[in-house]
Amino acid sequence: MYTEFNSMDNARYVFDQILDKTIFVWNAIIRGFALAGNGEEALSLYYRMNQIGIPSDRFTYTFALKALVVSSPSVSLIRKGKEIHGHILRHGFESYVHIVTTLIDMYARFGCVSYAGYVFVKMPERNVVSWSAIIACYAKNERPFEALQLFWEMMSETFDVIPNSVTMVSVLQACAALSALGQGKLLHCYVLRKGFDSTLSVMNSLVNMYLKCGSLENGRQIFDQMVKKDIVSWNSIIAGHAINGYGKEAVVLFRDMIRSGISPNIITFVSVLGACSHAGLVDEGKQIFDSMALLHKVVPSVEHYACMVDLLGRAGRLEEAAKVVEGMRIEPGPTVWGSLLGACRIHCNVELAERASIRLFQLEPVNAGNFVLLADIYAAAKMWEEVSKVKKLLEARNLQKVPGCSWIEVKRKIYSFVSIDELNPQMEQLHALLVHLSSEMKEKGYVPDTRVVLYELDQVEKERILLGHSEKLALAFGLINSGKGETIRITKNLRLCEDCHSVTKFISKFTNREILVRDVNRIHCFREGFCSCGDYW
DNA sequence: TTAGGGTTAG
């Protein structure tokens, strides 16, 4: 009873009074602490129980695994998880679906995707919950492609498991991550056929999927028709308008949300401030930031300060941005310094960039992206000696930049590209098309923006590297393999570079195509030589 | 009387 009311002091008091503690009593207290978020206490009780020789039953393991998941992060957690996994095997509990599903979820939350996959494959019996757990595992751990594959496998004749609303949420999340609009539409039909359209979480996931795929109209239509909307619905639609470049509309939606009686939370503010930032709405952003604590009782966190730094920095008000950092009431984290460094890159401010990176490198010594950002800034200023110093730092710390990767969905199949990929059978054809387009563009005034190439090479070599960027390869592939007039949709794992941005603008005009590129931050919609971001990204 | 999977941002 006390654990149900989250009154753990009382629960613990009663627990301590019980002289003859049955396994049920142990389970109840471990469960209570785990559910209350006190994983450490739950675990220490679990260990004590083991110590005094009380054997676990089929309920104990799930609570102990949950306790691990809610504990504050530490490297030893995975080891402890594997130990519990060992206990489960040694005591013959490996065929209990509940226990093994919890194991999958534990490995998923610790990012141990291959362990989760191994446990799943070894399961003697799987049901819709275990399938959902493994699909969610891939969807959440940046493996959306495998999540989709597993979903279709689950539906296949071999396994013939019927998905439920929870499964749909995860698989739609995978579609959103991939920007796989074709797959997403297919799933939308399935949702309608099976009547999942009365489940709020599924509808929220659909809205999110359409918006992440750059299909604002579809997402908006579903949202407008939803009878019941919760905080997730509103946050999704606001963030969705933001990434699609509709900053003003995102602010309008934010006001609608408040008017409809739903209180904004921390996520709402990250989204709406992000919207202001991308649309250059500095005054609105400042006003909303000031209203957070005053009007909405939401205390600004580091992320919100990072949004403000980004908002001001992007707009070129670097000194003001730096002042925000200085005046922060909480410790500025890596996101804040990172935003400042990003702004320095846009506005080529070497001095401030150096100041920001000193702090940033202390806080995040292993994030290669930060070093690359600084190198970028030096390269833009043609400070080649500094560029090579930063690169040596990277090498000395054995850090590697995340390789650029782009993918495209053509006829409901997904194709991925990394820069200069000899294994791709169409590579020669793709490169030839790009060389051809490039020379045509040059006649129309295109100048390759070689600043992003961080090597001291001659012009020809730099241009060759530029043409090998993964998004250009995906674009060429799309031009060759999709129908005339069809919109080309590309997704990239990093930020779109300046050269790819201007090339895509040219190509949208030349080929009279609409081209959508989603980079790590937002969606660019290229049409007739212009981009929806207004070159502000 | 105790059990498993899900949505929004960065």
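Order of the sequence lines fixes the chain letters, A, B, ..., with proteins taken first and strands second; residue numbering starts at 1 for each chain.
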When the distance from CZ of A:R58 to P of B:dT2 is rounded to whole Å, what number comes out? 11 Å
When the distance from OH of A:Y61 to P of B:dG4 is rounded to whole Å, what number comes out? 17 Å
Do we see a donor-acceptor contact under 3.5 Å between the side chains of A:S236 and A:N204? no
Closest to side chain of A:V97, choosing from B:dG4, B:dT7, B:dT8: B:dG4
If you look at every strand shown and take non-hydrogen atoms under 4.0 Å, does A:R109 touch a base, only sugar-phosphate, or nothing? sugar-phosphate
Heavy atoms from C-beta onward define the side chain here; which of B:dG4, B:dG10, B:dT7 lies closest to that of A:V169? B:dT7
When all nucleic acid strands are considered with a 4.0 Å heavy-atom cut-off, which category describes A:K212: base, sugar-phosphate, or nothing? sugar-phosphate
A:N164 CG to B:dG4 C1', in whole Å, measures 12 Å
Could you tell me whether the side-chain ring of A:H98 sits stacked on the base of B:dA3, using a centroid cut-off under 5.5 Å and a plane angle under 30°? yes
Give A:V128 one of three labels, base, sugar-phosphate or nothing, depending on what nucleic acid heavy atoms sit under 4.0 Å from its own. base
Grab the CG-C1' distance between A:D105 and B:dG5 for me, whole Å please. 7 Å
Over all strands shown, is A:A239 touching base, sugar-phosphate only, or nothing at heavy-atom distances under 4.0 angstrom? sugar-phosphate
Quick one, which residues of residues 262-296 of chain A touch DNA chain B with a heavy atom under 4.0 Å? A:I267, A:V270, A:S271
Atom CD1 of A:I99 to atom C1' of B:dT2: distance rounded to whole Å? 13 Å
Any Lys/Arg nitrogen of A:R345 or A:D376 sitting under 4.0 Å from an Asp/Glu carboxylate oxygen of the other? yes
Parallel, tilted or perpendicular, as decided by the 30° and 60° cut-offs, for the rings of A:F151 and A:Y190: perpendicular
Under 4.0 Å from OP1 or OP2 of B:dG5: is there any side-chain N or O of A:K66 that close? yes
For atom CD1 of A:I104 and atom P of B:dA3, their distance in whole Å: 19 Å
Choosing from B:dT8, B:dG10, B:dG5, which nucleotide comes nearest the side chain of A:N208? B:dT8
Once you apply a heavy-atom cut-off of 4.0 Å, does A:N27 come out as touching a base, just sugar-phosphate, or nothing? base
Looking only at B:dA3, B:dG4, B:dT7, the nucleotide nearest the A:S130 side chain is B:dG4
So what does A:Q173 hit on the nucleic acid, given a heavy-atom distance under 4.0 Å: a base, only sugar-phosphate, or nothing? sugar-phosphate
Picking from B:dT2, B:dT8, B:dG5, the nucleotide nearest the side-chain atoms of A:V129 would be B:dG5
In whole Å, I'd like the distance from the CD1 atom of A:I29 to the P atom of B:dT2. 16 Å
With A:R31 as the cation and A:F59 as the aromatic partner, state whether NZ or CZ is under 6.0 Å from the six-membered ring centre and within 45° of the axis. no
Flag the pair A:Y46 / A:W26 as yes when their ring centroid distance falls below 6.0 Å, and as no otherwise. no
Heavy-atom donor-acceptor pair, A:T102 side-chain to B:dG4 base, under 3.5 Å: no
What integer distance in Å separates A:K21:NZ from B:dT2:P? 21 Å
Main-chain N/O of A:L211 paired with A:N244 side-chain donor or acceptor, under 3.5 Å: yes
Return all side-chain donor-acceptor pairs below 3.5 angstrom for residues 80-87 of chain A, not counting sequence neighbours, or 'none' if the list is empty.
from	atom 1	to	atom 2	distance (Å)
A:K82	NZ	A:Y115	OH	3.2
A:E83	OE2	A:R79	NH1	2.8
A:H85	ND1	A:Y107	OH	2.8

Okay, side chain of A:H241, backbone of A:I238: is any donor-acceptor separation there less than 3.5 Å? no
